[in-house]
Amino acid sequence: MSVTWSDWLPLEHTSQFTPALLAETLDGGQAFRWSFHADDDFWQGTFGKHLVRIRIEKSMTLRCSFPNGAENSINALRSYLGSETNWESILDSLPWRSDEHLATCLAGFRGLRILKQPFAETVLCFLCSATKQIPQIKIMCARLAAELGDEIVPGIHALPTWEQLNAASEVQLRALGLGFRAKNIKRTAEQIAEAPGLLDTIEGLPYAEAKAKLLALAGIGEKIADCALLFGAGKLEAFPVDTWIIKVLQTRYQLHGWTPSQLAQFGRVHFGRYAGFAQQFLFSYERLSARKR
DNA sequence: AGGCAGGTGGCCA
DNA sequence: TGGCCACCTGCC
């Protein structure tokens, strides 16, 4: 039996969003669960127990579709996409007036957003991300879902919960191609099992405290903690420093010789309370430049 | 065919 | 603290 889908429901109208920006937001390294269906021009993905399709029309209207009967996922989707957030105003508050390179990046990706993904699965996806490129991370996440996650509709699974992960063995996780990440995921699953409600607590904490608690989990260092807090907990001040951002800050901000930790500090101070939002523009711009070469 | 990829943790000075 | 290296796997 196959899934039937609802009509395309209007999600929001925006003059800023474009197909390229939707792609960059859903599939540019924040989330790893979206795939583009070129034939019918829509994105399909899951977050939590929601299965969703999104498309953008020429009139710049975002429309969405759900498996019949699951139409109320639209509320969760609005939250996921930050539909209620005034991104334009946050963007304007970034220090682009005194930072020429930031201004260039903002101009190139105006309309880009930060997702608000379910925190627990954001932690999982970024535990998979260590020294992997986006396509590999997506494969790992897909395998985790297929093998361990609940089935949302026939053939499509949610990412596993931490309870489901804890029920798996490290050997079983390794068999999914996770490599050394399997041990970290297994250990973190155990730590979470020992402290029920831990992730919910962390999500509700202020940035610095939340980060300190995340760093105590196996396999989570500065970068992964910041990614989880930025893309999964709405903490826009989190400033993940990965190899791309190191390169940007060294070459375009003349910060050669700075350690990743010092660069993170610089980022939070220089870009301010929405540093993570700024980071995403620097990241997208740098990645796009690299692909063109 | 070997190096490297959106890191982390452990070990050493 | 700061630098180095092992760690899985797959793709260029």
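Chain identifiers are assigned alphabetically (A, B, ...) following the order of the sequence lines, protein sequences preceding nucleic acid strands; residue numbering begins at 1 within each chain.
If you check every strand for non-hydrogen atoms under 4.0 Å, A:R174 touches sugar and phosphate atoms only. Within 4.0 Å (heavy atoms only), A:F126 reaches no atom of the nucleic acid at all.
Both A:G221 and A:Q133 sit near DNA chain B, but only A:Q133 has its closest nucleotide nearer the 5' end. Between A:C227 and A:L215, the residue anchored nearer the 5' end of DNA chain B, judged by the nucleotide with its closest heavy atom, is A:C227.
Side chain of A:K132 to backbone of A:M140: no donor-acceptor contact under 3.5 angstrom is found. A:K186 places a side-chain N or O within donor-acceptor distance of the main-chain N or O of A:N166, the cut-off being under 3.5 Å. A:K138 places no side-chain N or O within 3.5 Å of a backbone atom of A:A31 that could act as its donor or acceptor partner. Under a 3.5 Å cut-off, the side chain of A:Q136 and the backbone N or O of A:Q133 do not form any donor-acceptor pair.
Of the listed nucleotides (C:dG2, B:dG6, C:dC7), C:dG2 has the atom at the smallest distance from the side chain of A:T259.
Side chain A:K132 to base C:dT9: a donor-acceptor pair is found below 3.5 Å. Between the side chain of A:K223 and the base of B:dG6, a donor-acceptor pair under 3.5 Å is found.
When the side-chain nitrogen and oxygen atoms of A:Q136 are compared with OP1 and OP2 of C:dG10, none of them lie within a distance under 4.0 Å.
For the P atoms, the distance linking B:dA1 with C:dC8 amounts to 25 Å, nearest Å.
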